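Report on the structure given below.
Computed from a predicted model, the values in this text were never measured in an experiment.
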Amino acid sequence: MPFIWRLCFPGLGTIYNILLLVMTLNFRFAVVSDPHIALPETIWDHPTRFHLVEISIPALEIVFEHLATLDLDFLLLPGDLTQHGEALNHSWLAERLTKLPFPAYVIPGNHDVPVVLPNAQSIGFADFPKYYHAQGYKDTNELYYTCEILPNVRLIALNSNQFDSQGKQLPFGRLDEKQLTWLEEVLSSTKDELTMVMVHHNVLEHLPNQSKHSLGRRYMLENAPTLLNMLRQAGVQLIFTGHLHVQDIAYQQNLYEITTGSLVSYPHPYRICEFSSQEIGKNSLKLESHKIQSVSNFPQLPKHSREWIGERSYPFMMKLLTEPPLSLSVLKAEELVGSLRYFWADIAEGDAMFNFSEFPPEARRYFEAFSAGAGEKEPKLIDNHAQLFFEKTK
């Protein structure tokens with residue numbers, strides 16, 4: 001209410017303060033992404049996997065022990081809940097989540113629903129909601145849902161996993177037409193609510209030209225522009241994603257996307273988020289990142305997992321070097337690849353700053369562009385600890 005109104009009509013000032021108190025939102029929640037839960041009897045190995053699924057359950061228990069002390073309102077888990085969609089792992093996690101002192105909300109990642117029909121290893125695509133009835137899926141007939149998680153706070157949980165006509169999972173994310181139609185209807189009725197969206201695949205780019213590169217594109221939503229247009233028109237400003245296994249916050253045209261790294265990959269992070277609105281239309285989200293430092297059999301977990309990624313980085317780095325836009329020869333790429341041993345680990349940690357002064361100019365520009373706030377005179381390091389401010393647009 002303009003100050004002059006309160007000056008001329010003092011009684012309205014009291015009404016204004018009451019409305020301000022009622023409309024103020026303050027709540028705290030956590031984000032745990034890509035935990036890739038694997039009971040010991042389900043673990044299978046591959047020489048190139050980046051995931052330390054061996055630590056999935058002890059790491060998650062450490063997180064839950066910490067979260068139980070924080071007076072949280074809810075927990076978000078944006079996908080890749082299991083190693084590879086195993087029924088035993090889904091059952092274990094669903095049951096464990098019901099024992100938390102706060103509600104938890106989940107969505108499927110590509111690892112959770114790898115096949116259309118169930119097989120000896122994995123559950124079927126349509127079976128996912130049946131496991132998580134208590135974590136958002138009141139309607140077990142769809143892989144997406146919406147619910148009012150707090151008064152005037154709405155969560156929209158989307159499914160970004162789709163399959164081709166032969167039943168093979170698409171190598172990128174997509175929202176089908178039925179889901180988009182449903183979403184349009186939901187958004188039309190959220191005018192007076194704070195709305196947050198959770199989806200597994202990235203919607204905004206978290207890496208330079210991510211949507212255009214063959215390696216980055218698979219982590220993104222193919223029809224992201226359609227979703228972004230819908231969200232902006234509805235005044236949605238917060239998206240929570242996973243899948244990429246990095247700590248990163250992207251911003252574009254009044255919309256923040258917060259992606260959280262995997263609990264079973266370096267640096268083993270999770271987030272504590274605190275939303276507050278001190279005055280009507282003015283909101284902030286404070287983010288704190290925490291990291292698992294040790295679990296049984298891995299007393300120096302960050303050191304071990306950083307080396308784990310470094311040892312497996314060669315094929316990935318060679319692709320970055322030899323594919324467009326650099327398109328270096330294998331011989332030239334071999335000269336540079338050793339300096340990139342920890343490149344992905346540093347990106348995963350968030351707020352990375354790179355200096356490749358020894359590289360040829362084009363390669364130097366390319367890899368240094370992955371630095372946090374690349375191109376800015378004073379880059380803001382917001383990937384792990386930040387307070388984001390935004391105005392209500394509805």
Side-chain angles (χ1 to χ4, degrees), residues 30-40 42-64 66 76-86 89 93 106-112 114 200-202 206-207 210 215-216 218-220 240-249 257-271 289-317 319-320 340-352 370 372 383-384:
V31 183
V32 175
S33 193
D34 298 65
H36 290 275
I37 292 301
L39 292 165
T42 70
I43 293 176
W44 55 282
D45 203 1
H46 190 282
T48 62
R49 70 171 165 91
F50 275 26
H51 313 59
L52 277 172
V53 295
E54 295 85 351
I55 68 147
S56 59
I57 291 178
L60 190 64
E61 292 294 359
I62 291 172
V63 174
F64 285 166
H66 178 209
L76 301 180
L77 295 101
D80 276 359
L81 311 177
T82 60
Q83 176 183 223
H84 206 62
E86 300 86 356
N89 293 329
L93 180 61
V106 307
I107 51 170
N110 55 302
H111 277 263
D112 299 317
H200 186 58
H201 290 77
N202 299 157
H206 293 271
L207 305 171
Q210 184 181 347
L215 294 177
R218 60 179 175 167
Y219 294 98
M220 293 203 69
F240 294 88
T241 64
H243 194 31
L244 191 57
H245 287 211
V246 306
Q247 290 285 95
D248 193 80
I249 297 176
E257 180 180 320
I258 297 149
T259 192
T260 301
S262 169
L263 201 61
V264 295
S265 292
Y266 181 82
H268 310 283
Y270 59 102
R271 297 187 189 271
S289 293
H290 299 260
K291 299 167 184 176
I292 303 296
Q293 298 299 317
S294 66
V295 298
S296 300
N297 300 323
F298 295 94
Q300 295 181 305
L301 179 61
K303 180 180 179 180
H304 177 88
S305 61
R306 182 175 167 83
E307 286 298 327
W308 177 278
I309 290 179
E311 291 170 0
R312 289 158 175 75
S313 67
Y314 178 86
F316 179 56
M317 292 302 113
K319 284 185 178 181
L320 282 182
L340 297 169
R341 178 180 175 88
Y342 301 110
F343 181 71
W344 186 253
D346 290 338
I347 290 175
E349 191 168 11
D351 298 319
F370 286 81
D383 292 339
N384 286 292

Check: F240 and T260 side chains under 4.5 Å, non-hydrogen atoms: no
Run the side-chain donor-acceptor check on residues 77-86: report pairs under 3.5 Å with partners two or more places apart or on a different chain.
residue: D80; atom: OD1; partner: N110; partner atom: N; Å: 3.2
residue: D80; atom: OD1; partner: H111; partner atom: N; Å: 2.8
residue: D80; atom: OD2; partner: H200; partner atom: NE2; Å: 3.4
residue: T82; atom: OG1; partner: G85; partner atom: N; Å: 2.9
residue: T82; atom: OG1; partner: D112; partner atom: OD1; Å: 2.9
residue: Q83; atom: OE1; partner: W44; partner atom: N; Å: 3.2
residue: Q83; atom: NE2; partner: T42; partner atom: O; Å: 2.9
residue: Q83; atom: NE2; partner: E86; partner atom: OE2; Å: 3.0
residue: H84; atom: ND1; partner: H111; partner atom: ND1; Å: 3.3
residue: E86; atom: OE1; partner: H84; partner atom: N; Å: 2.9
residue: E86; atom: OE1; partner: N89; partner atom: ND2; Å: 2.9
residue: E86; atom: OE2; partner: H84; partner atom: N; Å: 3.3

H268 and Y266 aromatic ring geometry - parallel, tilted or perpendicular at 30°/60° bounds: perpendicular
Beyond-backbone contact of I57 with L39, side-chain heavy atoms, under 4.5 angstrom: yes
Evaluation steps, side chain to side chain contact (heavy atoms under 4.5 Å, CB included), between L207 and Y219: CA-CA 10 Å; L207 305 171; Y219 294 98; over 6 Å; no
Which atom of S294 lies closest to which atom of P299, heavy atoms considered: CB-O, 3.2 Å
D34 to S262 - nearest heavy-atom pair and separation: O-OG, 2.7 Å
Residue pair I292 / I55, side-chain heavy-atom distance below 4.5 Å: no
pair E307-R341: side-chain heavy atoms closer than 4.5 Å: yes
Nearest-0.5 Å distance that lies between atom OG in S33 and atom CD1 in I258: 12.0 Å
Pair D248-N202, side chain to side chain contact (heavy atoms under 4.5 Å, CB included): steps then yes or no: CA-CA 11 Å; D248 193 80; N202 299 157; over 6 Å; no
Heavy-atom side-chain contact between M317 and W344 under 4.5 Å: yes
Euclidean distance, E54 CD relative to N297 CG, rounded to 0.5 Å: 10.0 Å
For D346, side-chain hydrogen bond (donor to acceptor under 3.5 Å, both in side chains) partners two or more places apart: R306
Within-4.5 Å side-chain heavy-atom neighbours: K291 and N384: yes
Min side-chain heavy-atom separation L52-L301 under 4.5 Å: yes
For G242 against T259, the heavy-atom pair lying closest together: O-OG1, 3.3 Å
CZ-CG distance between R271 and L76, expressed to the nearest 0.5 angstrom: 12.0 Å
Any donor-acceptor N/O pair, S56 side chain to A38 backbone, under 3.5 Å: yes
Aromatic ring pairing H245/H36, orientation class (parallel under 30°, perpendicular over 60°, tilted between): perpendicular
